[in-house]
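Structure, as structure tokens:
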Amino acid sequence: MGWGGLGFGLIADRVGRVRALTLATALVGGFTLLSVWATSWPMLAGFRFMAGMGVGGVLVVTTIYLSEIWPEQGRPVVLGLLAMSFPVGIVLAGSLNLLFAQWRQAFWLGAVPLVMALLVMKLLPESARWKNARQTTASDRQSLWQPQYRINVIQGSIIFSAVLIGLWAVFSWTPSWIQTLFTSDVDARQARGLTMMLFGMGGILGGALSGFIVNRFGMRRTLLCTFASCLLACWLLFGTNRTFSPIIYAETALLSLCFGISQGTLSSFIPLLFPISIRATASGFCFNIGRILTATGVFFVGSLVAVFGGLGNALLFSH
């Protein structure tokens, strides 16, 4: 998914937002559908990798496209809702186990993105702001590593990476931390399930609310307050609990809500750091270099347990 976001950001700046979105959506649908006929796990892994590249492209290009065509007042709201759609999709994908007895049957749903790709190509208008930028700037000669853009690329990548590493460290390791607070595995299993449900629900709600909060308080103030709230919620959750109590559910909900707001707000903030001519390329880099770093960074939480004397302290340090 990370490599797809990087590549399709570059494509969107070169050939247009709608064409890039059409290609990315078709890639998702085509390789998801091919998974029906996979005859070995390496073949299935290859098909899923290619579909994941398409998903990464869809995430980047839809964010950039909406940021350019939507009226300014409502833009943070629609981008917050877009950020919310990713965890909603994860929840819906997990529910497919209840609908399909065989895993191959689920991949027939790849026909849906293929139809969507045709609709995108036929119905969506190209971004007028991108077309104007192509006519008025020499975008082929611009690079996100030029001096005037380099600092924003570095800052955007660091901010987004820091949030993602903290998010996925908590998401990946909190069940293990919950386990350490119990002596009974039966009670721990129920608590783990409830906390993970709260993480998902809080992230969805936070993403949905983020646009309204940005419109009320502004982009920078929202980000600063949300980051401070994340730190406070992490300290409350991992720094003050040595045994399990119901207050952990409330603290988990607060932390996940802050994460959701930060993700929705950053979806609006990052693209605004760059001119339209390189916006998709630079935003794709910031979003997806963070995902690539996160994929490796969360594994170091395990080694931090020995350094900080406990999983709770290691999770607190990751923020």
Side-chain angles (χ1 to χ4, degrees), residues 5 8-9 11-13 16-22 24-25 55-89 116 119-120 123-137 139 144 149 152-153 155-157 159-160 163-164 203-227 229 257-288 290-291:
F8 277 101
I11 293 171
D13 281 336
R17 310 325 192 194
V18 172
R19 289 179 181 176
L21 182 57
T22 300
T25 307
V55 171
V58 169
L59 288 173
V60 170
V61 179
T62 50
T63 299
I64 301 304
Y65 180 70
L66 290 176
S67 73
E68 292 176 356
I69 69 168
W70 214 267
E72 184 176 356
Q73 183 63 26
R75 192 181 302 152
V77 176
V78 74
L79 290 176
L81 294 174
L82 178 64
M84 176 193 75
S85 66
F86 188 61
V88 169
M116 294 299 296
L119 294 176
V120 167
L123 300 179
L124 289 187
E126 184 54 81
S127 165
R129 299 178 68 185
W130 175 81
K131 289 193 291 187
N132 291 336
R134 290 288 291 182
Q135 294 172 357
T136 57
T137 61
S139 57
L144 71 164
Y149 310 133
N152 282 347
V153 170
Q155 289 177 343
S157 299
I159 293 171
F160 200 78
V163 173
L164 274 185
I204 292 171
L205 180 60
L209 293 176
S210 61
F212 299 99
I213 297 173
V214 168
N215 281 340
R216 176 66 178 84
F217 297 104
M219 193 84 68
R220 293 182 182 274
R221 187 180 298 178
T222 299
L223 283 173
L224 290 173
C225 292
T226 301
F227 293 159
S229 299
L257 183 68
C258 293
F259 274 137
I261 295 172
S262 69
Q263 290 288 289
T265 306
L266 285 172
S267 295
S268 300
F269 177 72
I270 296 293
L272 295 180
L273 296 175
F274 309 102
I276 292 174
S277 56
I278 63 164
R279 179 170 291 173
T281 302
S283 298
F285 183 88
C286 293
F287 289 149
N288 291 285
R291 292 188 174 100

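Residue numbers start at 1 and run along the sequence shown.
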Worksheet, complete the sentence: In terms of heavy-atom contacts, I64 and A280 come closest through CG1-CA, 3.9 Å
Response to the item:
Here the gap from R221 atom CZ to I213 atom CD1, rounded to the nearest 0.5 Å, amounts to 13.0 Å
Fill in: Heavy-atom side-chain contact between V61 and F8 under 4.5 Å
yes
Worksheet entry | Atom pair CG (L79) and OG (S267), whose distance is rounded to the nearest 0.5 Å | 6.5 Å
Worksheet entry | Pairwise side-chain hydrogen bond (donor to acceptor under 3.5 Å, both in side chains) hits with a residue in residues 203-220, at least two apart | none
Discussion item. Please check: side-chain N/O of T265 versus main-chain N/O of S262, any donor-acceptor pairing under 3.5 Å?
Written reply: no
Discussion item. What I'd like to find out is whether the side chain of S268 reaches to under 4.5 Å of the side chain of M219, using heavy atoms alone.
Written reply: yes
Discussion item. Are F269 and V214 packed together at the side-chain level, in the sense that at least one heavy-atom pair is separated by less than 4.5 angstrom?
Written reply: no
Worksheet item: Taking atom CG of L209 and atom OG1 of T222, what is their separation to the nearest 0.5 Å?
Response: 11.5 Å
Worksheet, complete the sentence: With sequence neighbours left out, the residues meeting side-chain hydrogen bond (donor to acceptor under 3.5 Å, both in side chains) with T281 are D13
Discussion item. Could you measure the distance from the CG atom of L124 to the CG atom of L21? Nearest 0.5 Å is fine.
Written reply: 6.5 Å
Response to the item:
Tightest non-hydrogen contact, residues L66 and R75, listed as O-CG, 4.4 Å
Discussion item. A side-chain contact here means heavy atoms from C-beta on lying under 4.5 Å apart; do L164 and Q263 qualify?
Written reply: yes
Practice prompt. Over all heavy atoms of both residues, which pair between A24 and G57 is shortest? Give the atoms and the distance, please.
Written response: CB-C, 4.0 Å
Fill in: Flag side-chain contact, heavy atom, 4.5 Å: V153 against S157
yes
Item to complete: Could you note down all residue pairs passing side-chain hydrogen bond (donor to acceptor under 3.5 Å, both in side chains) where residues 61-74 supplies at least one of them, sequence neighbours left out?
Response: R17-E68, E68-S127
Worksheet item: Atom CZ in R279, atom CZ in R129: separation rounded to 0.5 Å?
Response: 5.5 Å
Practice prompt. Find the distance between CD1 (I270) and CZ (F287) and round it off to the nearest 0.5 Å.
Written response: 5.5 Å
Practice prompt. Kindly give the heavy-atom pair with the smallest separation between S283 and F274, and that separation in Å.
Written response: OG-CD1, 4.2 Å
